[in-house]
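A quick write-up on the structure given underneath.
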2 protein chains.
Amino acid sequence: MAANDFEPDDHASPRRDAGVWLRATPSRKRRSPPLSTERIIAAAVELLDTDGAAQLTMRRLASQLQVSATALYWHVQTKDDVLDLALDHIFGDVAIPPETPDWRDDAAELIRRWRTAMLDHPWAPGLIGRPMLGPNVLARTEFLQEALARSGLSGVDLEVATHALANYVIGAAATQAAWRTVDSARGHDHARDGLEQLKQQYPTLSASGHLDPPHRDDSVVFDRGLDAVLNGVTATGLRSGRRS
Amino acid sequence: MAANDFEPDDHASPRRDAGVWLRATPSRKRRSPPLSTERIIAAAVELLDTDGAAQLTMRRLASQLQVSATALYWHVQTKDDVLDLALDHIFGDVAIPPETPDWRDDAAELIRRWRTAMLDHPWAPGLIGRPMLGPNVLARTEFLQEALARSGLSGVDLEVATHALANYVIGAAATQAAWRTVDSARGHDHARDGLEQLKQQYPTLSASGHLDPPHRDDSVVFDRGLDAVLNGVTATGLRSGRRS
DNA sequence: ACCTGAACACCGTTCAAGT
DNA sequence: ACCTGAACACCGTTCAAGT
């Protein structure tokens, strides 16, 4: 009840206080560096990595930062903001490779790194569905497009090529990360039976491994597909296309 | 207060009741066809189409079906089930084209219809991130793979081709539907300014139209990309690839 | 300027109970 | 077999108030 918990509130004396030196914490207790958008994003990515997108909550995020939930709204307008920022953040991990004389190597390498970044954060593909216009994404897209331009593409051809490659990675990462979420969700035993049934119903698909969870040579399939798309999308490839 | 609202509760008489004939509704009032997984899915798709994924709620879904929220759980295990089912459902709209002698036309046509189905339901790309193993998706994937097999592909080559095309549509639909959600969210005036800034920062990207919201010739860009991927992925294309 | 606390209007899901 | 109602343990977000 009393304002001061240290002593019974019998009689007020100036000597009651032991002085600054014995006070456990400075009165302005700073538990941690001040909140900032950057710290929020970092904590969000950590939470997403460990617990998945469904577990990311403003309240959990706040408690991880030792802050009241409503404090976040000083730095961020909405939960979707946090998600957009977290998504763009992980593309910072996609190192932009040093430009080599070979535009094709440059483009391929960027795409490959793009893919591994998404697979490192399996919640990321699930966040696609909102425009990705963050600085990290745009910088990498710009690098990709510049590499493709060096191949001689321009105008609509360049646009087509950039989109084709970007769409390919995004799709590939999405379908692959999908599997990752499912067996972490311990569909293990029960899902196995369901898969067996599916395989019997779709023999063609199953023979080609389309119904199998991801395995070791997924990235070789990805690399070969990437190669094929690069071939098809390249200046000569576009010009030799069957259709208009 | 009284159990019977028709008459003041003065004295109970057997003649108070006018008989079956005058009762407005049969005592077992069946307000609508009985609930079923199918009806739930249909209502879910409708709600998703009109209000978007964020507005899909078990409670809203139930009230649309004139049923208590908890009734849904008799037919469905979880909300995610509803989403998975709704997503697979819309791929039923992707008519499987009649097989023509031209495997390439068959494959291309399926992919194009796949894309429009997703664009008709812009919430769909946002649901990717969980494995799509519904019957509608699998039937279409099987058709696609069969068409590609007719081109002479088999084994890993076939797997690569199927994945490449599927990834391409998924990615394309996702990025394009993303824009659709943003301007329906009335970012109109405010987002416009932000876009102008972005265009100045990324002149290369912006010159190629990568920063513009979807416009009329998006589907020609898509079609040309599809053509390019088909070229690259085709048996001859794969064999002539630069790399291993 | 930055953060807290209480409050509002919701959520998904479980479970006993009704018919 | 199928549905309701109450209840539980949460949500995102607003806003006045504190420092």
Side-chain angles (χ1 to χ4, degrees), chain A residues 3-4 23 25-44 47-48 51-87 123 126-127 129-130 181 185-186, chain B residues 3-4 23 25-44 47-48 51-87 123 126-127 129-130 181 185-186:
Chain A
N4 187 328
R23 270 198 289 263
T25 48
S27 54
R28 281 289 185 84
K29 54 177 172 184
R30 50 166 58 259
R31 36 180 156 252
S32 47
L35 209 48
S36 68
T37 316
E38 289 73 32
R39 288 192 64 229
I40 293 178
I41 299 172
L47 235 132
L48 287 163
D51 295 335
Q55 300 302 322
L56 183 70
T57 281
M58 293 303 264
R59 289 170 140 101
R60 284 166 66 99
L61 186 53
S63 91
Q64 175 129 333
L65 291 161
Q66 306 202 57
V67 146
S68 95
T70 57
L72 300 174
Y73 288 87
W74 180 261
H75 303 271
V76 132
Q77 287 205 21
T78 179
K79 184 189 175 182
D80 278 343
D81 281 11
V82 176
L83 292 174
D84 287 344
L85 291 168
L87 183 59
W123 45 270
L127 262 43
R130 310 168 40 80
T181 70
R186 178 203 34 81
Chain B
N4 186 329
R23 270 198 291 264
T25 49
S27 56
R28 280 290 185 82
K29 55 177 173 185
R30 49 167 57 262
R31 37 178 157 254
S32 47
L35 208 51
S36 68
T37 317
E38 290 73 32
R39 287 192 65 228
I40 293 178
I41 298 172
L47 235 134
L48 287 163
D51 294 334
Q55 300 302 324
L56 183 69
T57 279
M58 292 305 264
R59 290 170 138 100
R60 283 167 66 99
L61 185 53
S63 90
Q64 176 129 332
L65 291 161
Q66 305 202 56
V67 144
S68 97
T70 56
L72 300 174
Y73 288 87
W74 180 261
H75 303 271
V76 132
Q77 288 205 21
T78 179
K79 183 187 176 183
D80 278 343
D81 281 11
V82 175
L83 292 174
D84 286 344
L85 291 168
L87 183 59
W123 46 269
L127 261 44
R130 312 167 39 79
T181 70
R186 176 203 35 79

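Just so we're on the same page: letters track the sequence lines, and every chain starts at 1.
In this entry the distance linking OH of A:Tyr73 with C1' of D:dA16 reads 17 Å, nearest Å. Spacing between atom CG of B:Leu56 and atom P of C:dC11 amounts to 10 Å, rounded to whole angstrom units. The separation between A:Gln66 atom CD and C:dC3 atom C1' is 14 Å, rounded to whole Å. Put simply, CZ on B:Arg39 is 14 Å from P on D:dC2, counting in whole angstrom units. Spacing between atom CG of B:Leu72 and atom C1' of C:dT14 amounts to 14 Å, rounded to whole angstrom units. Atom CG in A:Leu61 sits about 9 Å away from atom P in D:dG12, given to the nearest Å.
Side-chain atoms of A:Pro34 lie closest to C:dC3 of the nucleotides D:dC3, C:dC3, C:dG12.
Among residues at least two apart or in separate chains, side chain to side chain donor-acceptor pair (under 3.5 Å) pairs with a member in residues 67-77 of chain A are A:Ser68-A:Thr70.
The residue among A:Ser36 and B:Gln77 whose nearest nucleotide of DNA chain C is located toward the 5' end is A:Ser36.
Partners of A:Asp81 according to the salt bridge (Lys or Arg N to Asp or Glu O under 4.0 Å) rule, which considers only residues two or more places apart in sequence or in another chain, do not exist here. Residues satisfying the side chain to side chain contact (heavy atoms under 4.5 Å, CB included) test with B:Ile41, not counting sequence neighbours, are B:Thr37, B:Val45, B:Leu85, B:His89. Among residues two or more places apart in sequence or in another chain, the side chain to side chain contact (heavy atoms under 4.5 Å, CB included) test is passed with A:Ala69 by A:Arg59, A:Ala62. Shown here are the side chain to side chain contact (heavy atoms under 4.5 Å, CB included) partners of B:Ser36, two or more places apart in sequence or in another chain: B:Glu38, B:Arg39. Here B:Leu47 pairs with B:Asp51, B:Leu56, B:Arg60, B:Leu61, B:Gln64 under the side chain to side chain contact (heavy atoms under 4.5 Å, CB included) rule; sequence neighbours left out. Under the rule for a side-chain hydrogen bond (donor to acceptor under 3.5 Å, both in side chains), B:Asp80 has no partner lying at least two apart in sequence or in another chain.
Comparing D:dA9 with C:dA9, their P atoms sit 22 Å apart, to the nearest whole Å.
In this model, the phosphate group of C:dC2 is approached by a side-chain N or O of A:Trp74 to a distance below 4.0 Å at OP1 or OP2. Look at B:His75 and you won't find any side-chain N or O under 4.0 angstrom from OP1 or OP2 of D:dA1.
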List, with names and distances, any nitrogen or oxygen atoms from the protein found under 3.5 Å away from nitrogen or oxygen atoms belonging to nucleotides 5-10 of chain C.
residue : atom : partner : partner atom : Å
C:dG5   : O6   : A:Thr70 : OG1          : 2.8

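Rounded to the nearest 0.5 Å, atoms CG (B:Leu127) and CG (B:Leu83) are 5.0 Å apart. The structure places OG1 of A:Thr57 at 5.0 Å from NZ of A:Lys79, a figure rounded to the nearest 0.5 Å.
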### Query
Tell me, what's DNA chain C's dot-bracket, Watson-Crick or G-U with both distances under 3.5 Å, | for other-strand, [ ] crossing?
||.|||||...|||||.||

